[in-house]
Amino acid sequence: MMTLRALIACLFAVVLLTTAGRSVAQTPGEIPDELDGVGIEEHLGETVSSDIAFVDSEGNAVTLGDYFDGERPVAVAFVYHNCPMLCSLILDGMTTAMREAGLDLGDDYQALAISFDPRDTPERAAEVRERYLARFDGAQAAEGLYFLTGSQESIDRITDEIGFGFEWNERQQEFAHTAAVYFISPEGVITRYLYGLEFHPRDFRTAVLEAGSGTIASPLDQLILYCFQYDPDAGSYVLHATNAMKVGGVLTLILLGGFLLFFWRRESTRLDAADPTLTPS
């Protein structure tokens with residue numbers, strides 16, 4: 001079932017269609033024909049096929065399994081490179097969150113921009129990749145940011161498996177589609193959908209850590225993951241009150257125990273100095 005956030009994301013396509021100065025005749029509340037089949041159906045917990053074939057921006061034949069290395073989670077965006085506006089905004093928002101999330105692209109996770117237009121070429125993908133790669137410091141980012149193009153069959157397979165719906169609008173000569181970033185575990189399991197054009201760095205970081213299933217999370221990150229859970233209505237990670245209270249209780253006991261131990265040892269030392277026979281047992 002399409003979630004509220006998916007419906008909100010769908011509105012981006014509506015806005016683009018209506019702000020492009022093109023007439024879309026419809027009755028109030030009716031979804032225009034141009035958006036039929038456009039949207040996102042979440043497939044959380046399902047595994048993406050690793051044998052879906054694509055071509056990277058260097059012209060190499062690859063499969064999605066090449067990016068599921070068992071160690072690094074993967075963030076995915078669906079774009080096409082002749083998109084008049086929306087795809088650039090998605091990539092802008094995604095790369096901004098990636099830069100500010102406090103994780104190392106290439107070391108901690110990978111990111112894929114998969115074209116859903118079979119007319120896109122590796123050469124065109126390479127041009128766009130270079131533009132976005134320039135936003136990151138360090139050569140390691142090149143080992144984590146990939147732009148893929150592929151056949152209609154491959155595009156249909158991966159978009160069906162993730163639940164990304166899009167439609168070609170013959171009259172406008174462009175695709176109608178939604179805006180989101182998808183997070184996949186190192187083993188290829190879909191773990192999270194983040195909707196919109198801008199992503200809070202904290203949400204992006206938490207989604208990557210969650211997708212990593214502990215492979216890249218520090219003890220502090222694990223604690224944050226325990227205290228924050230994704231709220232589909234809010235479209236972000238929010239504080240989980242029960243878990244936060246449990247953590248607070250444990251920390252209180254640890255602090256209280258530490259204080260008692262400190263005073264016990266100080267008192268013991270003082271008594272030893274005064275009279276060793278009075279040392280508490």
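For clarity, every value in this text was computed on a predicted model and none was experimentally measured.
A side-chain contact (heavy atoms from CB on, under 4.5 Å) with Tyr80 holds for exactly one of Ile155, Asp120, Ile114, Thr149; it is Asp120.
Relative ring orientation between Tyr132 and Phe147 is described as parallel, the plane-to-plane angle staying below 30° on a 0-90° scale split at 30° and 60°.
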- Chi angles and distances behind the side-chain contact (heavy atoms from CB on, under 4.5 Å) call for Ser49, Arg157: CA-CA 8 Å; Ser49 298; Arg157 286 186 65 191; 3.4 Å; yes
- Message: Run the salt bridge (charged side-chain N to carboxylate O under 4.0 Å, His left out) test on Arg192 and Asp203 for me, step by step, so that the C-alpha distance in whole Å, both residues' side-chain angles and the decisive distance to 0.1 Å come before the verdict.
- Response: CA-CA 11 Å; Arg192 185 60 57 206; Asp203 287 341; over 6 Å; no
- Item | CA sep, side-chain torsions, deciding dist, call: Asn169, Gln173, side-chain hydrogen bond (donor to acceptor under 3.5 Å, both in side chains) | CA-CA 6 Å; Asn169 187 305; Gln173 292 295 296; over 6 Å; no
- Message: With side-chain hydrogen bond (donor to acceptor under 3.5 Å, both in side chains) as the criterion, how do Thr47 and Glu187 come out once you've worked through the C-alpha distance, each side chain's angles and the decisive distance to 0.1 Å?
- Response: CA-CA 8 Å; Thr47 301; Glu187 294 76 28; over 6 Å; no
- Run the side-chain contact (heavy atoms from CB on, under 4.5 Å) check on Leu103 and Leu105 step by step: do they pass? CA-CA 6 Å; Leu103 297 171; Leu105 176 63; over 6 Å; no
- Message: If you apply the rule side-chain contact (heavy atoms from CB on, under 4.5 Å), what do you find for Val76 with Val181, and how did you get there?
- Response: CA-CA 6 Å; Val76 174; Val181 174; over 6 Å; no
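Residues Arg129 and Glu58 form a side-chain contact, since some pair of their non-hydrogen atoms from C-beta on lies under 4.5 Å apart. Leu112 has its side chain within reach of Leu64: a pair of non-hydrogen atoms, C-beta onward, lies under 4.5 Å apart. Between Glu174 and Cys83 there is no side-chain heavy-atom pair separated by less than 4.5 Å. Side-chain contact between Asp117 and Phe175: present, with at least one pair of heavy atoms (C-beta onward) separated by less than 4.5 Å. Two residues are said to be in side-chain contact when any heavy atoms from C-beta on lie closer than 4.5 Å; His200 and Tyr237 fail this criterion. Looking only at side-chain heavy atoms (C-beta outward), Phe116 and His177 come within less than 4.5 Å of each other. When side chains are defined from C-beta on, Ser57 does not count as touching Pro122, because their heavy atoms never get closer than 4.5 Å. Looking only at side-chain heavy atoms (C-beta outward), Tyr193 and Ile162 come within less than 4.5 Å of each other.
Other residues, nucleotides and ligands place more than 12 heavy atoms under 6.0 Å from the CZ atom of Arg202. The neighbour count for Glu198 CD, taken as heavy atoms of other residues, nucleotides or ligands under 6.0 Å away, does not exceed 12. The 12-atom threshold is not exceeded at CD of Glu153, counting heavy atoms of other residues, nucleotides or ligands nearer than 6.0 Å.
When the side chains of ILVMFWY residues are joined at heavy-atom separations under 4.5 Å, either directly or via intervening members, Ile52 and Val55 end up in two distinct hydrophobic clusters. Each of Val189 and Tyr230 belongs to its own hydrophobic cluster when Ile, Leu, Val, Met, Phe, Trp and Tyr are linked at side-chain heavy-atom distances under 4.5 angstrom. Note on Val62 and Tyr146: same hydrophobic cluster, where clusters join Ile, Leu, Val, Met, Phe, Trp and Tyr whose side-chain heavy atoms are under 4.5 Å apart, directly or indirectly. By the criterion of side-chain heavy atoms lying less than 4.5 angstrom apart, applied directly or through intervening Ile, Leu, Val, Met, Phe, Trp or Tyr residues, Leu44 is grouped together with Phe199 in one hydrophobic cluster.
Judged by distance alone, the side chain of His43 and the main-chain N or O of Glu161 form a donor-acceptor pair under 3.5 Å. Asp66 places a side-chain N or O within donor-acceptor distance of the main-chain N or O of Thr63, the cut-off being under 3.5 Å. The main-chain N or O of Gly106 is found under 3.5 Å from a side-chain atom of Arg72 such that the two form a donor-acceptor pair. Distance alone, capped at 3.5 Å, is enough to place a donor-acceptor pair between the Gln110 side chain and the Tyr67 backbone.
To the nearest 0.5 Å, atoms CD (Gln140) and CG (Asp108) are separated by 9.5 Å. A distance of 12.0 Å separates CZ of Phe54 from CG of Asp56, quoted to the nearest 0.5 Å. Residue Arg135 holds its CZ atom at 4.0 Å from OG1 of Thr95, rounded to the nearest 0.5 Å. Taking CG of Asp137 as the reference point, atom CZ of Arg99 lies at 7.5 Å (rounded to 0.5 Å).
You'll find the ring centres of Phe166 and Phe78 outside the 6.0 Å limit.
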